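Have a look at the structure below, then the notes.
Every heavy atom of this structure was used, including side-chain atoms; hydrogens, water molecules and symmetry mates were not. As the structure is a prediction and not an experimental result, all values here were calculated from the model. Proteins come first, then strands; the chains are lettered A, B, ... in the order of their sequence lines, and each starts at number 1.
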Amino acid sequence: MSSRNYDHKKIEQNWRPKWFADNIYKAVDFSEKPKKYILAELPYPSGPYLHAGHMMRYTVPEIHSRFLRMKGYNVMFPMGWDCFGLPAETFAIKEGKTPQEVIAQAEKDFKVAMQRMGYAIDWDREVNTSKPDYYKWTQFMFLKLWEQGLAELREMPVWWCKELGVLADEEVLAGPNNTKVSERGGYPVERKMFKQWNLKITEYADKLLKGLDDTDYMDSVKLSQTNWIGKKEGARIDFEIEGIGKVPAFTTRPDTVFGVSFVAISPEHPLVSSIVQKATNASDLTAYIQKAATLSDLEKQQKEKTGVEAKGIVVKHPFTGNDIPLFIADYILADFGTGFIMGVPAHDDRDFEFASKYGLPIIKVIQTPNDFEGDLYDGDGEVINSQQYNGMNSADMRTKIISDLEQMGIGSKEVTYKLRDQIWARQRYWGEPIPLIHTQDGDIEADYNLPVVLPELKEFLPVDGQAPLTKVPEWVNTTDSKGRPAKREVDTMPTWAGSNWYFIRYIDPQNDDAFADYEKMKYWLPVDRYFGDGGHTTAHLMYSRFWVRALYEQGLIPTPEPFKWRMTGGLLLGEDGTKMSKSKPEYSVDPKDLLENYGADAARMVLAFLGPYSETFPWNSRSVVACYRVIRQIYEMFDKVSDTPASKTQLVAYNKLVKNTEYMYENLKVNTAISEIMIFVNASKDWDTVNSQVWNGFLRVIAPVVPFVAEELWQETHGYVSWDAVNSIHLQDFPTFDEALTLDDVIEVPVQINGKVRAKLSVNANATEEQVKEAAFANSNITKWLDGQEPKKVIYITGRILNIVV
RNA sequence: GGGCGGGUGGCGGAAUUGGUAGACGCGUCGGACUUAAAAUCCGAUGAGACUUAUACUCUCGUGAGGGUUCGAUUCCCUCUCCGCCCACCA
């Protein structure tokens with residue numbers, strides 16, 4: 001038994017207040033040390049307490065940040081609260097309180113939980129996105145974008161519910177008799193045109209694509225950004241609709257234009273109304289358009305493709321001059337390309353499906369490969385049935401026809417993107433007010449008197465589909481720059497707003513004159529490592545990059561790319577391997593129990609040990625016991641510390657430990673770093689004494705993982721009688737190692753014959769190739785297997801393996 | 001449908017990037033301690049064969065099949081299953 005007992009509560013209560021009172025994890029502006037900005041996505045307090053998923057997301061990045069501090073970096077590891085938006089609002093509704101009330105409480109509780117976990121956070125930099133001194137700058141930045149014409153009021157089709165306002169596609173369900181109802185409350189929902197603020201991120205599509213080259217994101221992250229932008233090169237081809245005019249179609253395959261057997265237009269296309277007027281079957285068309293308006297995007301794609309021909313409308317093929325039928329079809333998306341397509345059934349599967357259904361001609365214009373079966377071919381090949389282009393390769397024709405189209409003035413080279421502009425308005429209460437004013441002339445003015453403070457409301461739910469702020473006349477009614485009565489914008493910003501730039505506010509959180517000092521931003525940006533949720537790898541990352549780039553171009557931020565590097569964390573599953581969720585609390589891990597029964601160090605250790613950071617894996621309640629046990633064994637090791645010189649075995653074990661853990665902490669393989677610690681602890685059981693220098697280094701190796709225990713033992717080892725921050729183990733250097741001492745004196749070299757291990761030799765670590773071969777051929781099992789045969793070849797990989805080929 | 005990951009013991013996962021597959025941990029089995037249990041500590045533990053048994057030794061083994069190589073969990077091809085994200089994107 002150890003003379004000291006591991007009492008996690010006592011230790012934690014002893015050191016925690018000292019660390020945070022002296023802010024030992026302070027990130028120093030303009031320090032001469034090289035900086036490392038380590039960022040983990042800030043939580044949104046949507047529940048009463050930090051949950052196990054949060055702990056998963058923060059523990060490994062935090063261990064990494066501690067390691068870097070011990071390697072001599074000036075580390076910033078900040079934390080804040082993303083408070084605006086639906087999660088907090090929903091939480092407030094559930095609690096029967098206002099968002100302000102639940103946020104104030106959750107912020108406190110979350111902070112306490114993080115401090116209990118011992119997270120090495122510089123709390124002087126804490127931010128809360130819903131505080132006026134923060135969102136003042138969110139509003140400021142928005143106005144900067146608005147000044148540049150990047151924010152625009154735009155009319156667009158939305159799901160509209162009288163009770164709830166605008167709803168997202170997934171919030172709308174099918175009701176009885178082809179009606180639509182809201183997911184929450186079951187209120188009737190209709191499709192309606194609605195004016196909303198949009199941010200023109202699409203203007204930055206190319207820059208955001210190219211900007212990826214300046215980052216070291218993991219390939220999977222870069223790829224998801226690239227796919228989200230979805231750059232497509234193709235052509236615009238104009239089709240003449242008689243009596244209406246030229247309508248452009250976008251296609252990536254202009255080489256198939258001679259295969260066009262119909263054209264189709266989205267029911268939401270602006271020209272549809274004039275088409276209906278001119279058509280001879282207007283009532284059929286109107287009925288179809290109305291029906292299409294009630295379908296959600298999901299329903300449209302699940303059902304068979306449909307459309308109605310606009311009879312009496314003449315469309316001429318731009319090359320052949322033939323008449324081609326025009327359809328209104330809801331598989332044509334209004335917001336991709338031009339909302340109008342040329343139908344080439346022979347070479348596009350969607351057009352094929354549509355043409356088959358309506359008996360339209362399928363004109364083959366590209367020769368299919370010999371071994372190809374079927375009517376639909378979307379590859380390249382020899383061009384046929386295409387007049388002067390016959391015989392060309394379709395890939396060459398694409399280039400040729402684009403220049404021909406340009407000469408003829410009926411088309412051009414065109415690039416299109418999948419990326420959509422961002423809807424920047426919610427008809428909700430709990431968000432940043434958009435700091436704009438509508439004048440009585442219908443103009444829009446900025447309100448530079450920031451912050452435009454969100455009024456405190458007891459009743460904050462939308463009523464009659466109106467944004468809640470509409471009901472606060474004393475807030476809405478204001479005056480414009482000329483002193484005339486005017487009205488404030490009542491929509492608020494979406495959840496993305498605050499999280500677009502929170503990492504910049506950490507740099508200078510108290511600044512009243514700017515969102516952050518430019519020189520400080522120059523010192524800290526870009527973020528060196530950004531850890532976060534897989535679900536945020538596309539949208540959040542993209543929007544934040546856009547926001548920063550747009551402000552960079554105005555000279556307000558020194559770097560075009562906010563994040564140098566990005567890694568996605570996995571999820572913690574329940575013990576039975578199922579996803580943890582609120583509906584299945586029996587499988588979830590209660591952080592309070594964990595901290596109470598095993599302490600922060602064991603909790604940290606087990607969360608980092610169960611698996612690699614980027615993977616999803618199940619919780620194991622036995623593993624936390626194992627980690628707790630290791631900590632106790634470390635205490636027992638302390639009893640053996642003496643000045644007795646370390647044995648060679650001990651020195652090798654120690655130097656290996658330092659070497660391996662250094663590599664693993666650096667490369668975020670904390671699960672295996674903990675294995676190395678366990679190996680060392682196990683080995684120490686065979687030693688009568690542990691040399692004090694070795695012990696000293698060992699404590700510094702474990703400090704990033706188990707900060708409380710490490711501090712306790714470090715302070716006791718050094719006999720410090722009173723607390724002084726400079727003596728904290730967490731401000732010491734990570735130990736160094738001696739490469740020569742990472743090797744054992746005697747190593748085992750396996751000997752293979754034709755790739756199969758037939759013997760294992762114990763040889764001196766610095767044995768020469770000749771000595772190893774000699775030993776191998778002297779081995780009885782080897783001679784037995786060789787059976788007198790002459791080796792054809794002998795391959796020796798130094799210190800690793802000897803392979804004899806016969 | 002598209003994209004991205006992944007498939008290794010009973011389980012979570014290792015494998016220095018082409019060099020002894022299964023580190024470390026859980027579980028299981030055996031032992032110590034205990035009146036007993038829990039806790040703790042020590043040992044064994046991929047499957048199979050040979051052997052009375054141990055040791056020795058051998059065979060098979062990283063989703064399936066094939067290939068490259070002295071040597072493949074790792075590289076290449078075909079197939080298959082699972083997870084995540086996006087999804088009528090012209």
For [X], answer base if it contacts any base atom (sugar-phosphate contacts may also be present), sugar-phosphate if it contacts only those atoms, and nothing otherwise; contact means non-hydrogen atoms under 4.0 Å.
{"X": "A:Thr616", "value": "sugar-phosphate"}
{"X": "A:Asn781", "value": "sugar-phosphate"}
{"X": "A:Leu223", "value": "sugar-phosphate"}
{"X": "A:Ile677", "value": "nothing"}
{"X": "A:Arg758", "value": "sugar-phosphate"}

Figure out the [atom1]/[atom2] separation between [X] and [N], and round it to whole Å.
{"X": "A:Lys756", "N": "B:U69", "atom1": "NZ", "atom2": "P", "value": "18 Å"}
{"X": "A:His536", "N": "B:C86", "atom1": "NE2", "atom2": "P", "value": "11 Å"}
{"X": "A:Asn754", "N": "B:A72", "atom1": "CG", "atom2": "P", "value": "11 Å"}
{"X": "A:Gln225", "N": "B:C85", "atom1": "CD", "atom2": "C1'", "value": "13 Å"}
{"X": "A:Asp533", "N": "B:C84", "atom1": "CG", "atom2": "P", "value": "13 Å"}
{"X": "A:Lys222", "N": "B:G5", "atom1": "NZ", "atom2": "P", "value": "14 Å"}
{"X": "A:Lys685", "N": "B:G43", "atom1": "NZ", "atom2": "C1'", "value": "12 Å"}
{"X": "A:Ile229", "N": "B:C86", "atom1": "CD1", "atom2": "P", "value": "16 Å"}

For B:U73, glycosidic torsion class - syn if within 90° of 0, otherwise anti: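 B:U73: anti glycosidic orientation.
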With a 4.0 Å cutoff (strictly under), does any side-chain N or O of [X] reach OP1 or OP2 of [N]?
{"X": "A:Gln633", "N": "B:C41", "answer": "yes"}
{"X": "A:Trp228", "N": "B:G3", "answer": "no"}
{"X": "A:Asn227", "N": "B:A87", "answer": "no"}

Where protein sits on nucleotides 14-30 of chain B, one letter per nucleotide: B base, S sugar-phosphate only, - none, heavy atoms under 4.0 Å: S-B--BB--BBSSS---
What's the gap between [N] and [M] when it is taken at their [atom1] atoms, as a whole Å value?
{"N": "B:C84", "M": "B:G19", "atom1": "P", "value": "33 Å"}
{"N": "B:C79", "M": "B:A87", "atom1": "P", "value": "28 Å"}
{"N": "B:C33", "M": "B:C42", "atom1": "P", "value": "15 Å"}
{"N": "B:A32", "M": "B:U59", "atom1": "C1'", "value": "37 Å"}
{"N": "B:U62", "M": "B:C11", "atom1": "P", "value": "15 Å"}
{"N": "B:G61", "M": "B:G10", "atom1": "P", "value": "16 Å"}
{"N": "B:A72", "M": "B:C86", "atom1": "C1'", "value": "35 Å"}
{"N": "B:A49", "M": "B:A39", "atom1": "C1'", "value": "41 Å"}

Interface with RNA chain B, restricted to residues 248-257 of chain A and to heavy atoms under 4.0 Å: A:Phe250, A:Thr251, A:Thr252
Parallel, tilted or perpendicular: rings of A:Tyr665 and A:Phe67 (30°, 60°):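 Judged by the thresholds at 30° and 60°, the geometry between A:Phe67 and A:Tyr665 is tilted.
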Partners meeting salt bridge (Lys or Arg N to Asp or Glu O under 4.0 Å) with [X] (sequence neighbours left out):
{"X": "A:Glu304", "result": "A:Lys357"}
{"X": "A:Asp601", "result": "none"}
{"X": "A:Glu203", "result": "A:Lys200"}
{"X": "A:Asp206", "result": "A:Lys231"}

Report all side-chain donor-acceptor pairs from residues 533-541 of chain A shorter than 3.5 Å, counting only partners two or more places apart or in another chain.
residue, atom, partner, partner atom, Å
A:Asp533, OD1, A:Arg57, NH1, 3.4
A:Asp533, OD2, A:Gly535, N, 2.8
A:His536, ND1, A:Glu41, OE1, 2.7
A:His536, ND1, A:Glu41, OE2, 3.4
A:Thr537, OG1, A:Gly534, O, 3.0
A:Thr537, OG1, A:Thr568, OG1, 3.1
A:His540, NE2, A:Tyr530, OH, 2.7

Structure string for RNA chain B in dot-bracket form, Watson-Crick and G-U at under 3.5 Å, | interchain: (((((((..(((......[....)))((((((.......))))))((((.......))))..(((((..]....))))))))))))....
Aromatic ring proximity, centroids under 6.0 angstrom, A:Trp687 and A:Phe680: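 Yes - the distance between ring centres of A:Phe680 and A:Trp687 falls below the 6.0 Å cut-off.
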Pairwise 5' ranking along RNA chain B for A:Leu610 and A:Ser266, keeping only the more 5' one: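 Closest to the 5' end, via its nearest nucleotide, is A:Leu610.
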First of A:Thr538 and A:Lys784 reached from the 5' end of RNA chain B, by closest nucleotide: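 Between the two, 5'-proximity favours A:Lys784.
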Distance-only polar pair, side chains of A:Asp738 and A:Tyr654, donor-acceptor under 3.5 Å: no
Salt bridge (charged side-chain N to carboxylate O under 4.0 Å, His left out) contacts in which one or both residues fall within residues 669-679 of chain A, not counting sequence neighbours: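 Residue pairs with at least one partner in residues 669-679 of chain A: there are none.
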Sequence neighbours excluded, every pair satisfying salt bridge (charged side-chain N to carboxylate O under 4.0 Å, His left out) that has a member inside residues 739-756 of chain A: A:Lys648-A:Asp745, A:Lys656-A:Asp744, A:Lys659-A:Glu739
Listed partners of A:Tyr377 passing ring pair (Phe, Tyr, Trp, His ring centres under 6.0 Å), at least two apart: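 With sequence neighbours excluded, A:Tyr377 shows a ring pair (Phe, Tyr, Trp, His ring centres under 6.0 Å) to A:Phe372, given in chain and number order.
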Salt-bridge criterion met for A:Asp238 and A:Arg236 (N-O under 4.0 Å):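 Salt bridge between A:Asp238 and A:Arg236, a charged N being under 4.0 Å from a carboxylate O: yes.
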Charged N-O contact under 4.0 Å between A:Lys246 and A:Glu240: no
Which donor-acceptor pairs under 3.5 Å do side chains of residues 252-267 of chain A form with protein atoms, sequence neighbours excluded?
residue, atom, partner, partner atom, Å
A:Arg253, NE, A:Asp255, OD1, 3.2
A:Arg253, NE, A:Asp255, OD2, 3.2
A:Arg253, NH1, A:Asp378, O, 3.0
A:Arg253, NH2, A:Asp255, OD2, 3.0
A:Arg253, NH2, A:Gly379, O, 3.2
A:Asp255, OD2, A:Arg398, NH1, 3.2
A:Thr256, OG1, A:Arg253, O, 2.8
A:Ser261, OG, A:Pro361, O, 2.8
A:Ser266, OG, A:Glu268, N, 3.1
A:Ser266, OG, A:Ile332, O, 3.4

